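Heads up: the structure comes next, in structure tokens.
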Amino acid sequence: MPNPPAAAAADRIELMQTFVHIVEAGSLSAAAQQMGTTQPTVSRRLQVLERSLGVRLLRRSTHAMKLTEDGERCYERARELIADWHAFEADIRGVGDEPEGMLRVVVPHALGQLLLVGPLADYLRAYPRVSVEWLLNDRRPDFIAEGVDCAIQVGEMTDTMAVAIKLSEVPRVVVAAPSVLAGRAPLAHASELAELPWLALRTFYRNEVLLTHRPSGETARVTIRPRMSTDSLYALQSAARMGLGACMGSVWLMKDDIAAGRLVQLVPQWHVAALPVYLVYPPARFQPARLRRFIEMMRVALADPTGRAWEVGAS
């Protein structure tokens, strides 16, 4: 008698889970050990899956195992389907379920080391059954290949396939150490910034900076010749403190140096465009509770209509 549809669907999930275990464990015997079953059982499930799909998924020899081209496509799709299935189960059980499991998050180095650790701590205290891999990286991740659940990214979004939630904006300011300005007349116009030595944050600006005059709306596109370029906001801050040049950096990081006189804000009537902050994740019909709760907490933590958390001199 043929399996009823529900049982058949459950069987397929089990077969795909077995296949994923085989690929990630590297052998049938290792997969069987991980799953608490026998190697013949794992081998039988693999054969059933191959017959049901009508393709060969693995090439095996005495010493090696390799995915076929169909196997590679099946592996990536199976991981997605299994994740969707688990998220579906969590969703059906209700949004009140206690989040659990591992959440992998990619965050920018500077924000991830300082500003966002507080909201992360609040999240972990609220949901003790969740563990977080907090991965510091300024690049955009490959969500599927790297098994990343979500990322926090600064700057305009270019990935049209991902879901992006705007959390906030990071105000920026032009600063330099007092030694850079020694012997110079006070700067009256943004165009005079071109006469200074410069430091570039290559992630966001390299050879020019754009400023807007607050009272009049006049814009100035200033060409700069950086003495140093970096992709690290912390390195930019350190170099600026040492008097190597002017720079454009995040207010939240520079504000204490400005308050202490280590850095001076330049042309304060000229405004630098703020950078948007997004929480980004791959599209999926269902999301596990641990991801939903993380999104909710980050939206609350960074939603500040007054911008007070980013302001110069804010506590």
Side-chain angles (χ1 to χ4, degrees), residues 20-21 23-26 34 75-80 82-84 86-87 90 98-170 201-204 229-238 249-250 252-253 275-284 286-303 309-310:
V20 169
H21 273 290
V23 175
E24 295 181 349
Q34 287 183 3
Y75 169 67
E76 295 298 334
R77 191 72 182 106
R79 286 183 60 194
E80 294 177 22
I82 291 168
D84 282 350
H86 289 162
E98 176 73 9
E100 60 182 342
M102 175 66 72
L103 186 73
R104 288 172 59 86
V105 186
V106 171
V107 291
H109 274 91
L111 286 177
Q113 290 181 66
L114 188 59
L115 201 64
L116 297 180
V117 174
L120 170 64
D122 292 340
Y123 172 78
L124 289 171
R125 292 189 192 103
Y127 305 111
R129 293 170 62 183
V130 176
S131 299
V132 173
E133 285 193 17
W134 194 246
L135 307 173
L136 300 178
N137 205 311
D138 292 315
R139 65 173 175 79
R140 288 167 171 76
D142 184 330
F143 291 102
I144 302 303
E146 299 173 44
V148 171
D149 293 290
C150 66
I152 294 175
Q153 296 177 1
V154 178
E156 293 299 337
M157 287 300 305
T158 57
D159 185 356
T160 57
M161 300 301 292
V163 179
I165 299 172
K166 188 173 180 180
L167 300 175
S168 186
E169 289 187 336
V170 182
L201 186 60
R202 57 185 295 115
T203 318
F204 300 111
S229 295
T230 180
D231 60 356
S232 166
L233 188 56
Y234 284 139
L236 185 81
Q237 179 192 35
S238 296
S250 301
W252 68 267
L253 187 61
L275 293 172
V277 181
Y278 292 96
L279 192 147
V280 187
Y281 56 91
F286 301 102
Q287 298 170 353
R290 60 183 177 273
L291 177 58
R292 292 199 306 268
R293 297 294 184 269
F294 181 79
I295 292 172
E296 291 167 4
M297 290 198 73
M298 283 297 164
R299 292 184 80 161
V300 171
L302 293 184
W310 307 100

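What you are looking at is a predicted structure, and each value in this text was computed from that prediction instead of being measured. All heavy atoms count here, side chains included; hydrogens, waters and symmetry mates do not.
For Arg77, the salt bridge (Lys or Arg N to Asp or Glu O under 4.0 Å) criterion is met by Glu80, not counting sequence neighbours. Every residue meeting the side chain to side chain donor-acceptor pair (under 3.5 Å) condition with Glu24, not counting sequence neighbours, appears here in chain and number order: Tyr75. With sequence neighbours left out, the side chain to side chain donor-acceptor pair (under 3.5 Å) criterion links Glu76 to no other residue.
Shortest non-hydrogen contact noted between Ala235 and Ser232 is N-OG, 3.1 Å. Closest heavy-atom contact between Ala78 and Val20: CB-CG2, 3.8 Å. Taking each heavy atom of Pro108 and Leu136 in turn, the nearest pair found is O-CD2, 4.1 Å. Heavy atoms only, all atoms of each residue included: Thr158 and Arg140 are closest at OG1-NE, 3.8 Å. Contact record, Val117 with Gly112: CG2-O, 3.2 Å, taken as the closest heavy-atom pair. Shortest non-hydrogen contact noted between Arg79 and Gly147 is NH2-CA, 3.8 Å.
Within the structure, the ring-ring contact (aromatic ring centres under 6.0 Å, His included) test picks out the following pairs touching residues 125-152 (sequence neighbours left out): Tyr123-Tyr127. Sorted by first and then second residue, the salt bridge (Lys or Arg N to Asp or Glu O under 4.0 Å) pairs involving residues 126-137 (not counting sequence neighbours) are Glu100-Arg129, Arg104-Glu133. Screening residues 111-127 for salt bridge (Lys or Arg N to Asp or Glu O under 4.0 Å), with sequence neighbours left out, gives Asp122-Arg125.
Between atom CZ of residue Arg299 and atom CG of residue Leu167 there is a gap of 7.5 Å, rounded to the nearest 0.5 Å. Rounding to the nearest 0.5 Å gives a distance of 5.0 Å between NZ of Lys166 and OH of Tyr278. To the nearest 0.5 angstrom, Arg292 atom CZ is 15.0 Å from Met297 atom CE.
Side-chain atoms of Ser250 and Leu233, non-hydrogen and from C-beta on, do get closer than 4.5 Å to each other. Under the 4.5 Å side-chain criterion, counting only non-hydrogen atoms from C-beta, Leu253 is in contact with Tyr234. For the pair Leu279 and Ile295, the minimum side-chain heavy-atom distance is below 4.5 Å. Looking only at side-chain heavy atoms (C-beta outward), Leu115 and Trp252 come within less than 4.5 Å of each other. Between Leu124 and Val132 the shortest side-chain heavy-atom distance falls below 4.5 Å. The closest side-chain heavy-atom distance from Leu111 to Val154 is below 4.5 Å. At least one side-chain heavy atom of Tyr281 sits under 4.5 Å from a side-chain heavy atom of Ile165. Cys150 is listed as a side-chain neighbour of Leu291, based on a closest heavy-atom distance under 4.5 Å.
For the pair Glu169 (side chain) and Val277 (backbone), a donor-acceptor distance under 3.5 Å is absent. Proximity of a side-chain donor or acceptor of Asp138 to a complementary backbone N or O of His109 within less than 3.5 Å is detected.
For Arg202, the CZ atom sits in a loose shell: 12 or fewer heavy atoms of surrounding residues, nucleotides or ligands are nearer than 6.0 Å.
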For this session: Assess whether side chain to side chain contact (heavy atoms under 4.5 Å, CB included) is satisfied between Leu135 and Val105, documenting all intermediate values.
Result: CA-CA 6 Å; Leu135 307 173; Val105 186; over 6 Å; no
For this session: Would you sort out whether Arg139 and Glu146 count as a salt bridge (charged side-chain N to carboxylate O under 4.0 Å, His left out), showing the intermediate values?
Result: CA-CA 13 Å; Arg139 65 173 175 79; Glu146 299 173 44; 3.2 Å; yes
